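A short write-up of the structure that comes next.
Quick note on labels: first sequence line is chain A, next is B, and so on, each numbered from 1. Just so we're clear, the structure is a prediction, and the values are computed from it rather than from any experiment. What's counted below: heavy atoms across the whole structure, side chains too, no hydrogens, waters or symmetry copies.
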Amino acid sequence: MNKIITGKNVVKTYGEANVLNGVNAEIAKGEFVAVMGPSGSGKSTLLFALSGMDDVSDGSVMFCDTELSSLKEHELADVRRAKMGFIFQQPTMLKNLNILDNILLPAMNAGKKDTAKLLQKAKALMKKTGIDGLENRDITEVSGGQLQRAGICRALMNEPEILFADEPTGALNSKSAEEIMDLLANLNEEGTAILLVTHDAKVAARADRILFTKDGNFVFELSLQRSSGMDMEARVEKVLAQMAAVGI
Amino acid sequence: MYSKLIKNDIRKSKLITLAVTAFILIAAMLTALAATLAVNLFGAVDNMLQVSKSVDFVQMHTGDVDMEQLRSFVSSQPSVEDFQVLPFLNIDGAEIVIGDGSLSDIAQDNGFSVQSAKFDFLLDLNNELIQPKDGEVYFPIYYMQEGAAKLGDKVVINGVEFTMAGFLRDSMMNAALTSSKRFLVSEAGLEKIRGYGQMEQLIEFRLKDGVAPSEFEAAYIGAGLPANGPPAITRMQIALMNGITDGIMIGVLALIVILVIIVAFLCIRFTLLAKIEEDYKEIGVLKAIGMRVGEIKKLYLAKYGAIGSIACALGFLLSMPLAEPFMQNIRLYMGESDRQLAALLCGLAGAAVIFGVVVLYVNGVLRRFKKISAAQAVRFGAPQEKSKSARSFRFSGIRLFSRNIFLGIKDILARKKLYVTMLTVFIISSFIMIVPQNIYNTISDKSFVTYMGMGMCDANLYIKPTQSQDVIPKANEAAGILANDADVAKYAMITTKMFDMKADDGSTRKLRISLGDHSAYPIAYSQGTAPTTESQIAISSLYADDLAKTIGDEIVLSAGGAEKRLTVCGICSDITSGGRTAQAIFDIEPGDILSVGIPVSFRAGVDANAAIARYKGQFPFAQVYGIEENIDQMFGSVIDAMKLASYAAIGIAALLTILVTALFMKMLVTKDRYSIAILKTLGFKCADIRKQYLTRSIVVLVLGVILGTVLANTLGEYVGVAILSAFGASSFNFVVNPLFAYIVSPLLIAVCVYIATMRGVSDITPLKISEHIKEA
Ligand SMILES: Nc1ncnc2c1ncn2[C@@H]1O[C@H](COP(=O)(O)OP(=O)(O)O)[C@@H](O)[C@H]1O
Ligand SMILES: [Mg+2]
């Protein structure tokens, strides 16, 4: 079994409205999957459902071999903490803590006693993401791009098996977006699976597979195996063409 | 439109609205209660004094009164409206036999009297004049509470039989604190027992309106009229004595009211600020689209106006049944107040004042609307508090705490202002819980008598001329027996005598001085010390006021024709003998001795009650009292009232703590829902997050309880003095029950805080990550 996430017939309703209409989705270990679709088509809802952060109305979501809905609140929290990382469009940081403490937050939660090692790791991550030197800044004292990088550092502190990213570059300029995507691609190379929601063809083009959603269903799946040897430009072309076909 | 907005808002935050309503309600209720009780108490006292045509000035005298002399004095005094002389036949408590028992255990001077013809009437429980038939006796109301007698009992005095026909109200001697009690019999009844006791005369005056009793007293003494009894009593003192027990309770109530009102306003402020912070963006938007500040304020004012008016109305309504148990005691002793309507209106006015203050206060808090810049509000929301100490408190530097405790403390440091509200409430709660308890402990403690002009002994023997003509030999006889008694650890002999004092203006007045070894049974002096040389004298604070003397001043006595110059060395509080006493240690010349008191201490392990019972048989010529029954009889009602008030205070403090903490935590969780969602995405369990909130309340709790306890035992003492100064005790130290003050009350508050926090943070579990973090 090399699937990390398996969603079967996932249904999510808010009152009368069906946001997800029985979606089937699989993500293999180490795979990079992008989700594209018009605004309001249920992309975020899908991401929350597949990561177990939100319960589903029907169907099932498995993490490796575990049915998420069978887990208790605290078991779910443990899985989330140890195996998953999250990145959002707006960096979700605690206002009270400085950059370094925000990054350390999930690792401290893991009950790791060795503070010196954790500090080292956090600093290494900050260096890798290009925000070293900002450790003691308040979160209001850095730019959006820097904050997003800090968010990535935080997501990576526990070396997750999968990263969930909901429009991580949506609020950034194109240069910052490019840099962030380089980072994520690197991570993926190192073996972390990624499920990423985006509107940006350039961003999506980095994935192995792109799922197109409309009205709570997958309408198309585009495979972009990197081994196929297509260059970046050709991949972006392909994504854009498909987007037009789906009508985004 | 207002009502729709208000309804929506209230529906969205039910608990918070409920809590604010509860605070305003409690504040309004207590204010109304205190106002109603105060007016009713004054009304009842006044009514009784009026119906009974109470006296303005009374002098007691043993022996004959020259009526001619009195009449000519009165005719020379235009200030006198009326006067009379009433009999007061002292009968020893042991001689008043009721069934199998007697009144021997009760430390009161019992006197028999007849109904007056002119004024100072004795009233029944309907405040009507009693006309006793022959063979009937009416008991003072005091004995109703003591349970000494009931209707129809046979009462035998030296073989003369009476039937107990009812209880009476006596405007002059009603209060437990007054040491004399009047029984009422018919003229014929009094004649039958005249031979069995010492006859005293009550020389009573009613003065014209506006006459100062002190001027009259000076004239009375100046005229050399009979005055060998205790110092004269004036109408002021009579009114005070009647109101004091309930007055103290109202005082404690008022203290609690003030503190509860402070808490209520803190909570209103907190909720309002939190609400504004939450609505910050919207307020900014409203401003941006051109809505005027005044209009926005109106929305908030309308909401709090609605809540306030409902809460105040309910509070007032609730105060009415709540006043009943407090009113019962007042009613029993003094009858109905004639100002019930006025009391009700005052209660209503009290509740209305609370409403007005709430609205004004909300209006004041809303002034910061002006400061909200539309642009800033829309872009960044409410500004963060900046704190240096919070910045330097970091994960990376701290290894002492677990992550949850760290985050809890961090939040307190980062948002100090917010937590100061909670801290203040905990301080006040501890204060409310501890101070009335301390007052109660202090007045119920054995040592409290030392502030009241009595030494701390186990038993007291009194030998008075009313019981025995040869006071000094009898006292010496008793002392001789005590000296050889194996049970006795020590005793002293204090002789009280009336002296003539030369006032500075040359006139003469009476001074009541206790002579003897005052160091054996020291009393507490508010200033200075006990007399240690023959030329020193200590005086009670009432005397100090009367005579305008302080420490170092000279008092000149005329003793045996010669002048005796004494220096004031100490001032003490005293409630015995009408509060006018003095102590000195010079030798006594024989003369009019008022009494000899012999305080006795027993050795450790001696059964005090058995010894006291033995002395009663051994010293038939003396009144023997155990100190505990003495205290109980004098302060019993005050102690009971304080006990009630202190338990009420504990309840109120616990309720306050629970309400405020639950409210506070609920609001914090609402405010912090975004942070909570973040923590959840990072794999923090609900239990972890609850621990963070518990850490916040516990840290604030510990600080609050420590500060509160310290304040209660320091500042609280001043408050206690203010309340107890009604007794004439002008300075004293709290007797603290350490178990209660340092263990039980903090634990009680801690339990309340724990329960309320857990209740308040229950919203953490159902909080959905997706609803607070999901992108558009
Ligand atoms: N908590 C919610 N309650 C009701 N409807 C919701 C809720 N969250 C999302 N929706 C609806 O579900 C649909 C999908 O939302 P979302 O997954 O955020 O879309 P996307 O991320 O693709 O833009 C939208 O129509 C949105 O209005
Ligand atoms: Mg979305």
Using every non-hydrogen atom in the two residues, find where R80(A) and T681(B) come nearest and quote the distance to one decimal. CD-O, 3.3 Å
To the closest 0.5 Å, what do you measure between CG (L104(A)) and CZ (R403(B))? 13.5 Å
Spacing of CZ belonging to F406(B) relative to CG belonging to L97(A), to within rounding of 0.5 Å: 6.0 Å
Between L94(A) and I678(B), is a side-chain contact (heavy atoms from CB on, under 4.5 Å) present by the stated rule, with each step listed? CA-CA 8 Å; L94(A) 295 189; I678(B) 297 175; 4.1 Å; yes
Does R696(B) have any salt bridge (Lys or Arg N to Asp or Glu O under 4.0 Å) partners at least two apart in sequence or in another chain, and if so, which? D411(B), D672(B)
If I measure from the heavy atoms of chain B, does M84(A) come under 4.5 Å with its side chain, its backbone, both, or neither? neither
Correct closest heavy-atom pair for K410(B) and N96(A) would be CE-O, 3.1 Å
Closest approach of R81(A) and L682(B), non-hydrogen atoms and distance? CG-O, 3.5 Å
Let me confirm one number: the OG-NZ distance from S675(B) to K95(A), rounded to the nearest 0.5 Å. 7.5 Å
Exceeds 12 heavy-atom contacts within 6.0 angstrom, atom NZ of K83(A): no
Once you round to the nearest 0.5 Å, how far does OH of Y674(B) lie from OG1 of T92(A)? 5.0 Å
For A77(A) and K685(B), the nearest pair of non-hydrogen atoms, with its separation, is CB-CG, 3.5 Å
